[in-house]
Number of protein chains: 2
Amino acid sequence: MTATIKDVAREANVSVASVSRALNGHGSMAEETRARVLQVAKRLNYAPNGMARSLIMRRTHTLGALLPELHGEFFSELIRGIDLAARSNGMHLMVSSSHGNAAEVATALQAMRGRVDGLLLMSPYADAGFLQQNLSDALPTVLMNTRMPGTGISSFSVDNYAAARAMVTHLVACGHRRIVHVAGPTENFDAAERRRGYEDALRALLPDQRPEVVAGRFTEESGHAAGARIAAMAEPPDAVFAANDSMAIGCLFALGAAGLRVPEDIAVTGFDDIPIARFINPPLTTLRVRIAELGRHAMERLVATVADQGNPRIETRTLEPELVVRASCGGDRTRKQTN
Amino acid sequence: MTATIKDVAREANVSVASVSRALNGHGSMAEETRARVLQVAKRLNYAPNGMARSLIMRRTHTLGALLPELHGEFFSELIRGIDLAARSNGMHLMVSSSHGNAAEVATALQAMRGRVDGLLLMSPYADAGFLQQNLSDALPTVLMNTRMPGTGISSFSVDNYAAARAMVTHLVACGHRRIVHVAGPTENFDAAERRRGYEDALRALLPDQRPEVVAGRFTEESGHAAGARIAAMAEPPDAVFAANDSMAIGCLFALGAAGLRVPEDIAVTGFDDIPIARFINPPLTTLRVRIAELGRHAMERLVATVADQGNPRIETRTLEPELVVRASCGGDRTRKQTN
DNA sequence: TTGTATGCGTTATCAG
DNA sequence: CTGATAACGCATACAA
């Protein structure tokens, strides 16, 4: 059995109160006593029980992160930022994943109660009503990329719509006419926003072109499959805008395997700017979302909210991704089009 | 304030004991009472406090994972497996990272005490003595890729040495003579084993060749830098064996950017078979480590150990990575060498 | 079937 | 400066 505070007290011939004082540095006590207690504690390899401590202190020193998934480069980056912020603030991190639908989020939410001081929630599948109903207002919460209830909750999100429009605008400016969109899961809010941006921009800029969407699931595999389908089209498009980089990369390889040259025959662009995008060949034009930074900011806000308690300042930050043009698409393309 | 068991008891006109019974299904009670309690609990949106529950039950239903890092495709895969096993066994997951040295591991170990039912530890920087001293034998522990204390602790690891030898053997069989190794961090045990395998195999197979090692840090960036250095060598080698795929991929792009053709001029191979390796072009020959599966197995063992308690079966599994040959290197290469 | 009382390990309040 | 002792929220042996 692990040593408890009582064991230390007995061995050091003091009360448990004194042990607690010695360890936490509260109150004043004889230096001699303190030294003895500390020595015994070390000898017994004593470590305070987190549960008991949390129970009375009403602080678990743990922050929860409810994410739809843990897997893939996007979440890897996100977790990096989250972990960084948590750790640098002396907080533990509890992660929970695979919330493909609202019901699972509800369950996870319940399970976190009394285990964490605050919650970072990213749930692209839950709507405002659900959140309104399931979010305990006793538990400090920060939302990420989630349709916000509009009130009382800090929220960090990416302006998917505006960014998608920017990408389409860029492609059109490069002279592309038939631009296909490889979409994310239909129930996913981010995916829906990106698609909406694509469709609106296309209709506004190229009224004679009909938006054309190929389904994907945000994974490399699904991007690969989408690429294969695109390459097999009767008349392949001259540009592909994938809803995220993973799919863009999968698509890239599929198109290459099918004999299409990128970017000469067909341009491919993505969304996120995940680390691998820097190295991929042919170069990938994409929309840079500083994922890790976004996660870190959200977590920092959560820490502040937990610390403030009485005075929770609401922060709503919307980040517009930055267009990163890596593939050259200017001169040649335009000329080819105007010919 | 969040509702407690007392609130439910008061509202339902029963004792807290009855509420507890109703919720946990223990003991027998009038169906009518149970229904009333459950209804009140739902109305009050009551959820048991995890801390208090853990304190008395002596089970936190939480498993801890101490990893050197959370970032990158390798850990992304690992976490996937870990999370999968934890969740499918109804366990919460607490992660802790960035243990670049033994001291940090010790701190993290302390912090986990009393917060988790069991620990999955991957610490390529800690040695047997350290573990012997810091691992509480009260806390079920499973080791991953860690020099084992040899006794009493389940351990799952990759046979880095044998795999590295296999890779060198393959390269030599393909006709390569000057094989450079891009190593991982020197203090990292996995990295050291892979390097040892490379050196031993090279000395055994090609006694006239001197092992040549370029430093790396397991990251894509460091692989890229290593590739640049290799391309700049007076007489570039005809093969590169990187200690992991991330570096191999970074290296690949750097070599390509420097005008070297892969695999015609120089072969590049890696270690891990991370997901992206399937799509990369030119194809990457690598050593497949079923990372997610390894994580899942380790976690399953941990769950079993936690459940057994009195009778902890020790399981030591060593996984030998499988050679995945994606790049063709047979005919041409051999001919070129023999000319 | 139900309620009372005790304890889990800790911190905090109050006397001494 | 130190030691009892009461919480914290919950589960359970025991009594009713």
Side-chain angles (χ1 to χ4, degrees), chain A residues 1-38 40-41 44-62 110-117 136 138-139, chain B residues 1-38 40-41 44-62 110-117 136 138-139:
Chain A
M1 192 54 197
T2 304
T4 76
I5 197 172
K6 281 182 185 168
D7 300 321
V8 178
R10 184 165 18 78
E11 291 286 316
N13 289 315
V14 292
S15 70
V16 293
S18 291
V19 177
S20 180
R21 273 189 290 260
L23 266 52
N24 299 315
H26 291 190
S28 56
M29 59 191 307
E31 199 45 58
E32 192 264 334
T33 311
R34 160 159 315 184
R36 191 174 69 243
V37 170
L38 259 38
V40 172
L44 263 44
N45 192 23
Y46 167 78
N49 180 301
M51 301 289 107
R53 204 154 200 271
S54 306
L55 186 56
I56 189 100
M57 311 263 299
R58 306 171 151 286
R59 291 284 311 276
T60 62
H61 288 282
T62 301
Q110 292 288 324
M112 286 285 188
R113 294 262 293 256
R115 301 183 157 281
V116 298
D117 292 338
S136 158
L139 190 65
Chain B
M1 191 54 197
T2 303
T4 76
I5 197 173
K6 281 183 187 168
D7 301 321
V8 178
R10 184 164 18 78
E11 292 285 315
N13 290 313
V14 293
S15 69
V16 293
S18 290
V19 176
S20 179
R21 275 189 288 258
L23 265 54
N24 299 316
H26 291 193
S28 56
M29 59 190 308
E31 198 46 56
E32 192 263 337
T33 312
R34 160 159 314 183
R36 190 171 71 244
V37 171
L38 258 39
V40 171
L44 264 45
N45 192 20
Y46 167 78
N49 180 298
M51 301 290 106
R53 205 153 201 276
S54 305
L55 188 54
I56 190 132
M57 308 269 295
R58 308 174 148 287
R59 291 287 307 276
T60 63
H61 288 282
T62 301
Q110 292 288 324
M112 286 284 188
R113 294 260 294 252
R115 300 183 156 281
V116 298
D117 293 337
S136 158
L139 190 65

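Throughout, protein chains are lettered first and strands after them, A, B, ... in sequence-line order, and every chain is numbered starting at 1.
When each of D:dG3, D:dC8, C:dT4 is scored by its nearest atom to the side-chain atoms of A:S15, the top-ranked nucleotide is D:dG3. Taking every side-chain heavy atom of B:M29 into account, C:dT2 is the closest of C:dT2, C:dC8, D:dC10. With distances taken from any side-chain atom of A:S28 to the nucleotides D:dA11, D:dC1, D:dC8, the minimum falls on D:dC1. Side-chain atoms of B:A52 lie closest to D:dG9 of the nucleotides D:dT2, C:dT10, D:dG9.
Considering only heavy atoms from C-beta on, A:V14 comes within 4.5 Å of A:R36 through its side chain. Under the 4.5 Å side-chain criterion, counting only non-hydrogen atoms from C-beta, A:T62 is in contact with B:R115.
Among the protein residues, A:S54 comes within range of no part of the nucleic acid, since none of its heavy atoms lies under 4.0 Å from any strand. Residue B:V19 is classed as having no contact, given no heavy-atom separation below 4.0 Å to the nucleic acid.
Between B:E31 atom CD and C:dT2 atom C1' there is a gap of 15 Å when expressed in whole angstrom units. Rounded to whole Å, the distance from CE on B:M51 to P on C:dT10 is 14 Å. Summarising the geometry, the separation between CG on B:D7 and C1' on D:dC8 is reported as 14 Å, rounded to the nearest angstrom. In this structure, the CG atom of B:N49 is 18 Å from the P atom of C:dC8, given to the nearest Å. Atom pair A:R113:CZ and D:dC10:P shows a separation of 10 Å (rounding to whole Å applied). Residue A:R53 contributes atom CZ, which lies 13 Å from atom C1' of C:dA12 at whole-angstrom precision. What separates CG of A:L55 from P of D:dA6 is a distance of 17 Å, to the nearest Å. In this structure, A:I56 atom CD1 and D:dT5 atom P are separated by 16 Å, rounded to whole Å.
One finds a side-chain N or O of A:K6 lying less than 4.0 angstrom from the OP1 or OP2 phosphate oxygen of C:dC8. A:R58 has no side-chain polar atom (N or O) that falls below the 4.0 Å cut-off from OP1 or OP2 of C:dT11. A:T4 has no side-chain polar atom (N or O) that falls below the 4.0 Å cut-off from OP1 or OP2 of C:dC8. Residue A:R34 has no polar side-chain atom (N or O) positioned under 4.0 Å from OP1 or OP2 of D:dC1.
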Under the criterion side chain to side chain contact (heavy atoms under 4.5 Å, CB included), I'd like the reasoning laid out for A:E11 against A:V19: C-alpha separation, chi angles, the key distance, then a yes or no. CA-CA 11 Å; A:E11 291 286 316; A:V19 177; over 6 Å; no
Are A:N49 and A:T4 close enough, and set up right, to give a side chain to side chain contact (heavy atoms under 4.5 Å, CB included), and what steps lead you there? CA-CA 8 Å; A:N49 180 301; A:T4 76; over 6 Å; no
Interface polar pairs with nucleotides 12-16 of chain D, N/O, under 3.5 angstrom:
residue: D:dT12; atom: OP2; partner: B:H26; partner atom: ND1; Å: 3.3

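Here the shortest heavy-atom pairing between B:D7 and B:R10 reads OD1-NH2, 2.6 Å.
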Pair up each side-chain donor or acceptor in residues 23-30 of chain A with any protein partner under 3.5 Å, not counting sequence neighbours, and list the distances.
residue: A:N24; atom: OD1; partner: A:R53; partner atom: NH2; Å: 2.9
residue: A:N24; atom: ND2; partner: A:S20; partner atom: O; Å: 3.0
residue: A:N24; atom: ND2; partner: A:S20; partner atom: OG; Å: 3.3

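Of the possible donor and acceptor atoms, one in the side chain of B:T60 sits under 3.5 Å from a partner among the backbone N and O of B:D117.
How far OH of B:Y46 is from CZ of A:R113: 9.0 Å, rounded to the nearest 0.5 Å.
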